[in-house]
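For reference, the structure is listed below as structure tokens.
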Amino acid sequence: MRLGFFKKKKEEKEKKAVTPTRLRRTAQRPVVTVRDVFTAFSLTFFESPGRALAKTFEFDRLFSRAGLHIHPIKYGAETVAMVVLSAVFVAIGFVVTMFTVNLNVMQMIIGIMICVTIPIMVFVIRLAHPYIAMTMRRVETENELPFFMAYVATMVRGGYGLEKVIERVSQLKVFKAIRREAQMVVTRIKMFGDDPITALEKVASDHPSTRFRDIMLGYTTTLRSGGDVLHYLEIRTRELIESRMNEVRNILNRLASFLELYIIFGIVVSITLFVFFVVNTAISAAQAARTPEGLTSMNIDVTVPALYNFFVLPLMGFAIMWAIHVNQPRTPIRYNEVYLTLLAWLPISVAAFVLVLIATGGANVLGGVVDPQGVKSLVYATAAAFLAVSIPPAIKYRSVVKTHKGLVRSTADFLRDISEIRKTGLSPEKCIVLVSSRNYRNLTPVVERAAAALSIGFSLEEAMRKALRGIKEWFVIASMRFLVDSTIVGGGSPEVIDALARFTQTLGELEEETRRRMRSQMFLPYFGAVLLASIPMIILYMLLSIAKIPIATATPLLLVLSLGSMVNAFIMGLIAGKASQSTTAAGFIHSAILTAVTATALATTFTYIGI
């Protein structure tokens with residue numbers, strides 16, 4: 001006994017002596033990233049101005065409303081450091097360029113403007129980031145709020161408490177913004193020890209959405225006072241659905257306004273400016289022809305046309321696309337396979353550009369020599385590259401959504417039938433099997449797969465998961481998730497399902513109305529692309545013909561006009577797809593067609609002007 005006791009004590013001592021060594025051996029050094037070094041640099045040299053900046057713009061309150069977990073002083077110091085470094089690097093680059101390249105007056109002015117603009121843009125972007133995050137948090141939350149309220153009403157009717165409802169929502173992938181809010185509530189409950197009502201109140205009180213804040217605070221007040229929580233939730237759900245219908249109609253009007261604004265500035269104003277550039281070039285050519293040196297002394301400055309064509313117009317297009325993105329109702333659905341296809345075909349598009357450039361006799365362009373034939377080759381090579389990079393993603397997108405037309409409207413009919421049959425007392429599983437023989441158009445295969453899976457013994461959740469595989473329509477997925485969870489908890493009254501059915505039917509009608517209204521708007525980019533590709537060059541040719549000056553004299557301007565029209569036509573296609581289908585992935589179809597149309601218009605124009 002005593003030998004065993006001393007042996008045991010010895011083993012414990014050896015274990016205590018060995019354990020710290022083992023722990024020291026397995027301990028790893030912390031990894032220092034470039035971001036950590038930059039943060040340390042910013043706080044070392046710019047902490048005081050960063051603190052003043054954070055206090056002036058109230059970063060603490062702003063980050064809380066935006067849902068950003070960033071220290072205000074750190075963000076302010078990094079902002080000041082970025083502005084100072086960008087100003088220093090841009091100034092050094094401009095000074096080096098000024099001493100190595102012979103710049104004219106216009107290029108000097110543009111260089112000074114760039115030196116002043118870039119630090120200002122960096123400062124504005126850093127200040128705008130929390131405001132944009134706050135806007136996105138508000139918009140995304142309000143997009144999902146009607147479904148969330150219907151879901152909560154169903155869970156409460158089934159007997160779930162507030163804490164269980166929040167934990168359940170924090171794990172649902174069908175929600176994105178609401179799931180993030182629920183995770184913040186769960187964090188306050190489990191890490192800070194708040195009770196569920198207090199945690200929900202703290203998250204809602206700092207939320208940028210007035211609607212979400214009012215509903216959640218009203219919900220917590222009803223819980224504290226012991227009121228009829230279920231009645232409150234169902235009433236607010238109906239109000240949300242009705243107000244959301246009106247908002248979607250107003251959003252359609254705003255989208256049409258954005259497209260009209262882009263057409264006005266992107267086409268009408270652009271053609272006016274291009275005509276001005278063309279007339280200026282023709283006058284310069286006529287004046288140079290009268291000099292003793294003739295046209296050999298003519299030097300066409302295309303700095304301003306190139307800046308407008310390759311910077312201002314694309315920037316305006318992306319700004320319009322961002323405005324459409326912010327105002328459109330969005331869903332958590334992402335078309336990642338389309339963008340992966342785009343990345344896979346990028347090297348092929350580069351190869352297509354080089355091959356077409358060489359095949360069309362434009363190999364001299366690679367050596368820096370640009371003549372009229374080189375302009376044509378560059379246009380055809382650019383068109384080939386754009387087609388190679390847009391057609392495969394367009395085909396992939398069509399293969400994904402080809403069965404989605406009218407799916408929301410069919411889901412509304414399906415939910416309405418389920419609601420009517422539920423009034424007889426049948427379970428949702430039997431309701432689905434019963435209605436599977438009806439025709440729901442593109443939704444019919446989904447309903448049939450779900451009914452078949454239920455018939456052979458699968459649970460409703462597993463059956464719906466198998467039936468919805470490959471479906472990219474968020475409203476359909478959310479509605480089926482609603483049915484599954486209402487069955488699990490025993491809720492899902494016919495009244496709530498009927499309200500959801502009316503909401504989805506209105507969305508289906510608005511979807512058709514959107515497609516009908518946007519179809520008339522989609523004609524304008526095609527018409528504008530043809531005008532941008534042909535009118536300026538035809539006017540230049542006519543003016544130079546009057547003065548008997550060959551069109552080859554204005555080769556630099558022809559290059560800027562033709563390539564600029566190709567680039568902006570591609571961007572017009574992305575905008576058209578974003579406005580009509582709420583996703584940039586749909587824009588590759590329009591980009592491919594617009595690229596082909598613009599290339600055809602340019603080829604016809606080249607033939608007309610004789611190059």
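For T141 (side chain) and R138 (main-chain N/O), no donor-acceptor pair under 3.5 Å exists by modelled atom type. At distances below 3.5 Å, at least one donor-acceptor pair connects side-chain atoms of N568 with backbone N or O atoms of N309. No donor-acceptor pair closer than 3.5 Å links the side chain of S349 to the backbone N or O of V389. Judged purely by atom type and a 3.5 angstrom limit, Y335 has no side-chain atom pairing as donor or acceptor with the backbone of T583. For the pair T100 (side chain) and V96 (backbone), a donor-acceptor distance under 3.5 Å is present. Side chain of S565 to backbone of S562: a donor-acceptor contact under 3.5 angstrom is found. Here the side chain of E144 pairs a donor or acceptor atom with the backbone of I178 at under 3.5 angstrom.
Atom CG of D214 sits in a crowded spot, with more than 12 heavy atoms from other residues, nucleotides or ligands closer than 6.0 Å. No more than 12 heavy atoms of other residues, nucleotides or ligands shown are found within 6.0 angstrom of CZ on F276. Counted within 6.0 Å of CE on M121, heavy atoms from surrounding residues, nucleotides or ligands total 12 or fewer; the atom is thus considered open.
When every heavy atom of P146 is checked against every heavy atom of N143, the shortest pair comes out as CD-O, 3.8 Å. F63 and P72 make their closest contact through CE1-CA, 3.9 Å (heavy atoms, listed as atom of the first residue, atom of the second, distance). The heavy-atom pair separating V169 from R179 by the smallest distance is O-CG, 3.6 Å. The two residues A569 and L594 come nearest to each other via the heavy atoms O-CD1, 3.4 Å. Nearest heavy-atom pair, P208 versus R213, reported as atom, atom and distance to 0.1 Å: C-NH1, 4.3 Å. Contact record, L43 with E47: O-CB, 3.1 Å, taken as the closest heavy-atom pair.
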For this session: Take T33 and D36, measure what side-chain hydrogen bond (donor to acceptor under 3.5 Å, both in side chains) needs, and give me the verdict at the end.
Result: CA-CA 5 Å; T33 62; D36 296 333; 3.0 Å; yes
Exercise. Can you list the steps and then say if I575 with Y262 is a side-chain contact (heavy atoms from CB on, under 4.5 Å)?
Worked result: CA-CA 9 Å; I575 295 173; Y262 180 68; 3.7 Å; yes
Exercise. Given S270 and L532, is the side-chain contact (heavy atoms from CB on, under 4.5 Å) satisfied, shown in steps?
Worked result: CA-CA 8 Å; S270 297; L532 283 176; 3.8 Å; yes
For this session: Run the numbers on R65 and H207 for side-chain contact (heavy atoms from CB on, under 4.5 Å), then give the verdict.
Result: CA-CA 5 Å; R65 290 177 61 82; H207 204 279; over 6 Å; no
Exercise. Does the side-chain contact (heavy atoms from CB on, under 4.5 Å) test come out yes or no for F570 and T382, once each step is laid out?
Worked result: CA-CA 11 Å; F570 188 84; T382 305; over 6 Å; no
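The shortest side-chain heavy-atom distance between M216 and S205 does not fall under the 4.5 Å cut-off. In this structure, the side chains of L240 and I215 come closer than 4.5 Å at one or more pairs of heavy atoms. Under the 4.5 Å side-chain criterion, counting only non-hydrogen atoms from C-beta, L200 is in contact with Y219. Counting only heavy atoms from C-beta outward, the side chains of D195 and I189 never approach each other to under 4.5 Å. Side-chain contact between L378 and F353 is present, with heavy atoms from C-beta onward closer than 4.5 Å. In this structure, the side chains of L223 and Y232 stay at 4.5 Å or more apart for every pair of heavy atoms. Annotation: side chain of P393 is not in contact with side chain of Y339 (no heavy-atom distance under 4.5 Å). L68 has its side chain within reach of P130: a pair of non-hydrogen atoms, C-beta onward, lies under 4.5 Å apart.
Remark: K164 does not engage E167 in a salt bridge, criterion side-chain N to carboxylate O under 4.0 Å. In this structure, R35 pairs ionically with E78, as a charged nitrogen and a carboxylate oxygen lie closer than 4.0 Å. Salt bridge E337/K472: present, at least one basic N to carboxylate O contact under 4.0 Å. Note on E181 versus R137: salt bridge recorded, some NZ/NE/NH1/NH2 to OD/OE distance being below 4.0 Å.
Side chains of E142 and S209: a donor-acceptor N/O pair is present below 3.5 angstrom, by distance only. A donor and an acceptor atom, one from each side chain of S170 and Q183, are nowhere located under 3.5 Å apart.
Aromatic pair F588/Y397: centroids not less than 6.0 angstrom apart. The aromatic ring centroids of F45 and F41 lie less than 6.0 Å from each other.
A distance of 12.0 Å separates CD in E58 from CG in L53, rounded to the nearest 0.5 Å. How far CG of L313 is from CZ of F274: 5.5 Å, rounded to the nearest 0.5 Å. Note that CD1 of I197 is 5.0 Å distant from CZ of R224, once rounded to the nearest 0.5 Å. Atoms CH2 and NZ, on W345 and K396 in that order, are 13.0 Å from each other to the nearest 0.5 Å. Remark: M566 CE to T598 OG1 distance equals 6.0 Å, nearest 0.5 Å. Here the straight-line distance linking atom CD1 of I477 with atom NZ of K173 works out to 12.0 Å at 0.5 Å rounding.
Cation-pi geometry between R126 and Y75 is met: the NZ or CZ atom falls under 6.0 Å from the ring centre, inside 45° of the normal. Judged by the 6.0 Å distance and 45° axis criteria, R188 is positioned over the aromatic ring of F192.
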